[in-house]
Amino acid sequence: MKILVVGAGAVGGYFGARLVQAGRDVDFLVRPARAELLRDRGLVLRGMDGGVDKVPVSAVTADGLGAGYDLVVLAVKSYGFEAALADAAPAVGPGTVVLPFLNGMRHIDALVERFGADRVYGGVAMVMTRLEADGAIVEVGRMGRLIYGPLSDSPVAAPADVHAALDAGSYSATLTRAPLQELWDKWVFLATLGACTCLMRAPIGAVNSAPGGQEFTSGMFAEAIAVATAAGYPPGRDARDRADAIIADTTATTTTSMYWDLTQGNPVEADQIVGDLVARGRELGVPTPLFSLAYTALSAYAAGRA
């Protein structure tokens with residue numbers, strides 16, 4: 001399969017580089033400045049053990065993008081989705097699979113509306129990496145997993161072929177028959193952890209150790225579960241237990257990329273991760289007072305940046 005990875009940041013750059021190392025035919029769609037940097041020195045991956053991989057890659061920009069791709073992987077921040085989609089659209093043909101690895105659910109609705117469910121897969125990426133100012137991708141935790149599957153019973157590309165293309169051997173790659181459930185499970189966890197830590201400006205262990213902290217985090221978690229359940233995707237027991245083990249921890253230094261961006265003064269995925277959960281709760285008749293408070297705080301932060 002010929003693969004286009006849209007974005008070469010902490011997620012797209014990491015998994016895309018691993019695909020290149022595994023011999024896959026991969027182009028990266030990036031902005032001109034990033035393209036120049038990638039052509040000059042490749043993708044630089046810095047591991048937790050101090051090792052450095054410099055991976056030569058093929059970089060393209062929107063003005064030179066053509067057709068002929070079998071798989072388009074969208075791996076950008078959710079607030080950059082619309083621009084990335086506009087740039088990548090010329091690469092999507094009748095037989096092209098579009099596979100997003102974004103947070104939340106809003107992007108799925110937009111992709112299905114534009115391309116049809118038979119050309120869209122659902123995907124979840126789990127990795128602990130960070131994009132440094134020099135363009136390098138730094139591993140900050142030992143985690144690398146992709147989960148994906150078709151939204152339609154008759155996808156334009158066979159799931160086995162997509163899986164063969166993405167299973168690079170250097171991370172966990174799982175083909176699922178329930179991609180929407182996987183997306184909701186991650187959203188419930190990520191929204192809860194992100195909203196708790198961003199609103200309280202502290203890692204989850206510190207939040208839970210503060211007076212009223214455990215009641216606050218459990219209440220936030222309950223709101224997210226209620227919205228997912230009303231939407232038809234209640235988290236299973238295993239998913240709840242895995243999430244609760246982190247959300248209720250009193251010693252963990254765990255945060256999220258949204259917390260990192262907030263504390264660094266960067267744009268945050270407030271609308272897509274927190275705001276959309278509040279909006280769907282409102283549509284479904286599910287009260288979300290804690291998430292609404294977090295969304296107000298994040299929106300005020302975004303307004304201050306502007």
Side-chain angles (χ1 to χ4, degrees), residues 6-13 30-31 33-34 74-88 100-111 124-125 127-133 135 137 140 183-184 186-204 206-207 210 213 216-217 219-221 223-224 227-228 231 247 253-284 286-306:
V6 183
V11 176
V30 292
R31 298 301 183 193
R34 182 67 164 154
L74 291 168
V76 297
K77 290 287 190 180
S78 297
Y79 50 74
F81 168 71
E82 286 81 7
L85 180 58
D87 287 346
F101 289 112
L102 281 77
N103 294 318
M105 290 291 298
R106 184 184 293 179
H107 62 283
I108 293 292
D109 298 336
L111 289 172
V124 169
V127 66
M128 298 176 71
T129 50
R130 188 170 295 151
L131 183 65
E132 296 289 278
I137 297 167
V140 297
L183 279 160
W184 272 96
K186 182 184 179 183
W187 192 15
V188 165
F189 168 69
L190 185 66
T192 302
L193 186 63
C196 287
T197 56
C198 286
L199 186 58
M200 295 300 172
R201 297 295 201 277
I204 195 66
V207 176
F216 166 70
T217 57
M220 192 79 82
F221 192 28
E223 287 184 9
V227 174
I247 293 168
T253 58
T254 308
T255 59
T256 66
S257 61
M258 187 163 65
Y259 173 87
W260 166 261
D261 286 333
L262 180 76
T263 57
Q264 299 302 306
N266 298 330
V268 296
E269 297 176 295
D271 292 339
Q272 297 79 10
I273 296 177
V274 179
D276 194 34
L277 193 75
V278 172
R280 291 179 192 245
R282 186 180 301 114
E283 292 171 1
L284 295 166
V286 178
T288 56
L290 294 175
F291 271 100
S292 295
L293 177 62
Y295 185 47
T296 298
L298 289 167
S299 298
Y301 162 80
R305 284 192 75 258

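For this chain, numbers begin at 1 and follow the sequence in order.
Distance check: Leu277 CG to Tyr295 OH gives 11.5 Å after rounding to the nearest 0.5 Å. To the nearest 0.5 Å, atoms OH (Tyr79) and CG (Asp271) are separated by 11.5 Å. Atom OG1 of Thr255 is separated from atom CH2 of Trp260 by 9.0 Å, given to the nearest 0.5 angstrom. Taken from CZ in Phe216 to CG in Leu199, the straight-line distance is 4.5 Å, to the nearest 0.5 Å. In this structure, CD1 on Ile137 lies 10.5 Å from CD on Glu132, to the nearest 0.5 angstrom. Taken from CG in Leu102 to CG in Leu74, the straight-line distance is 6.5 Å, to the nearest 0.5 Å.
Residues Leu298 and Ala270 share a closest heavy-atom pair of CB-CB, 3.7 Å. Val30 and Gly7 get closest at one heavy-atom pair: CG1-C, 4.3 Å. The nearest pair of heavy atoms linking Leu290 to Met220 is CD1-N, 3.5 Å. Val127 approaches Ala10 most closely through the heavy-atom pair CG1-O, 4.4 Å. Nearest heavy-atom pair across Gly9 and Leu131 is CA-CD2, 4.2 Å. Considering every non-hydrogen atom in both Arg305 and Gly265, the closest pair reads NE-O, 2.8 Å.
No more than 12 heavy-atom neighbours from other residues, nucleotides or ligands sit within 6.0 angstrom of CZ on Arg31.
Taking 4.5 Å as the limit, every side-chain heavy atom of Lys77 sits out of range of all side-chain heavy atoms of Val11. Side-chain contact check for Ile204 versus Tyr259: every heavy-atom pair is 4.5 Å or farther apart. Inter-residue side-chain proximity for Ser257 and Arg130 is flagged as unmet; no heavy-atom pair is nearer than 4.5 Å. Within the 4.5 Å cutoff, no side-chain heavy atoms of Thr217 are placed close to those of Thr192. Between Cys198 and Val268 there is no side-chain heavy-atom pair separated by less than 4.5 Å.
Put simply, the side chain of Gln272 never gets that close to the backbone of Gly104: no donor and acceptor are under 3.5 Å apart. Remark: the backbone N or O of Val286 is not paired with any side-chain donor or acceptor of Arg280 at under 3.5 angstrom. Although no hydrogens or angles enter the test, the distance criterion places a donor-acceptor pair under 3.5 Å between the side chain of Glu223 and the main chain of Phe291. For Trp187 (side chain) and Asn103 (main-chain N/O), no donor-acceptor pair under 3.5 Å exists by modelled atom type.
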Next on the checklist: Apply side chain to side chain contact (heavy atoms under 4.5 Å, CB included) to residues Phe221 and Val188 and explain how you reach the verdict.
Outcome noted: CA-CA 7 Å; Phe221 192 28; Val188 165; 3.7 Å; yes

